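Down below is the structure, laid out as structure tokens.
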Amino acid sequence: MQAIAGKLELTIKINELPKSVTVENGWKEFSVNCDGQVVLITVRPKIWNKIEAANEQFPLWVAAIAGSMGKKTQSGFILDNPSIQVFERKPREPKDC
């Protein structure tokens, strides 16, 4: 059977500001452990500012980081072409029993 062409896109969700961040020429690099796969993410300062702003403005938030699977590393892979959308997360109301 011959496979057709497709595009693999990944979305990683985080809800806390990464503590270990490397800075190079203003670009921020951090890693996210996704079920044992460590994903290395490098973003421009403008994108990083979105995460920092959400952390300051919202008590609860979630960032959806989308991109494609890049080069493999020893413990996972690099996320290529990352883009980020940040949303305020509303606390769930307790259910009446």
Side-chain angles (χ1 to χ4, degrees):
M1 182 186 314
Q2 186 173 355
I4 63 169
K7 183 176 180 180
L8 175 66
E9 292 183 346
L10 304 167
T11 302
I12 299 167
K13 294 181 182 178
I14 61 171
N15 59 8
E16 63 182 270
L17 194 63
K19 292 169 182 50
S20 179
V21 178
T22 305
V23 180
E24 188 172 320
N25 295 329
W27 289 58
K28 309 287 184 168
E29 182 177 88
F30 59 97
S31 58
V32 180
N33 187 333
C34 299
D35 300 322
Q37 292 287 315
V38 178
V39 182
L40 187 61
I41 302 168
T42 304
V43 296
R44 295 181 302 178
K46 184 177 180 180
I47 293 176
W48 177 257
N49 292 341
K50 286 182 184 181
I51 298 173
E52 283 187 324
N55 193 52
E56 292 173 7
Q57 294 173 357
F58 307 129
L60 296 171
W61 57 272
V62 64
I65 306 168
S68 57
M69 186 182 293
K71 191 171 120 180
K72 286 188 161 227
T73 63
Q74 270 188 323
S75 55
F77 60 92
I78 296 171
L79 188 69
D80 284 343
N81 305 315
S83 64
I84 295 180
Q85 289 184 314
V86 182
F87 305 95
E88 181 178 12
R89 199 173 89 196
K90 303 288 183 187
R92 292 185 180 177
E93 295 192 20
K95 294 181 181 178
D96 292 334
C97 294

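Just so it is clear, the model here is predicted, and its values are computed rather than measured.
- Gly26 approaches Pro45 most closely through the heavy-atom pair O-CG, 3.0 Å.
- Between Val62 and Val86 there is no side-chain heavy-atom pair separated by less than 4.5 Å.
- Atom CG of Leu8 is surrounded by more than 12 heavy atoms from other residues, nucleotides or ligands within 6.0 Å.
- Trp27 and Leu79 sit in two unconnected hydrophobic clusters of ILVMFWY residues. Membership requires side-chain heavy atoms under 4.5 Å apart, directly or through other members.
- Contact annotation: the side chain of Glu29 approaches that of Leu40 to within less than 4.5 Å [non-hydrogen atoms, C-beta and beyond].
- Residues Ala64 and Thr11 share a closest heavy-atom pair of CB-CG2, 4.1 Å.
- Taking CD1 of Ile47 as the reference point, atom CD of Gln85 lies at 11.0 Å (rounded to 0.5 Å).
- Put simply, the side chain of Asn55 never gets that close to the backbone of Ile51: no donor and acceptor are under 3.5 Å apart.
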Query - Test log, rule side chain to side chain contact (heavy atoms under 4.5 Å, CB included), inputs Lys28 and Thr42 - result: CA-CA 6 Å; Lys28 309 287 184 168; Thr42 304; over 6 Å; no
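- Arg89 places none of its side-chain heavy atoms less than 4.5 Å from the side chain of Phe58.
- The minimum heavy-atom distance linking Gln37 with Phe77 is given by the pair OE1-CD2, 4.2 Å.
- The CG atom of Leu17 sits 4.5 Å away from the CH2 atom of Trp48 when rounded to the nearest 0.5 Å.
- Of all non-hydrogen atoms in Cys34 and Val39, the two that sit nearest each other are SG-CG2, 4.1 Å.
- Tested against Ile41 for a side-chain contact (heavy atoms from CB on, under 4.5 Å), the candidates Ile14, Ile78, Val32 yield a single pass: Val32.
- Nearest heavy-atom pair, Phe30 versus Pro18, reported as atom, atom and distance to 0.1 Å: CD1-CG, 3.5 Å.
- Across all non-hydrogen atoms, the minimal contact from Gly36 to Asn33 is N-OD1, 2.9 Å.
- Looking at Glu88 and Lys90, a side-chain N of the basic residue comes within less than 4.0 Å of a carboxylate O on the acidic one, giving a salt bridge.
- Counted within 6.0 Å of CD on Gln57, heavy atoms from surrounding residues, nucleotides or ligands total more than 12; the atom is thus considered enclosed.
- Interatomic distance, Met69 CE to Asn81 CG, rounded to the nearest 0.5 Å: 14.0 Å.
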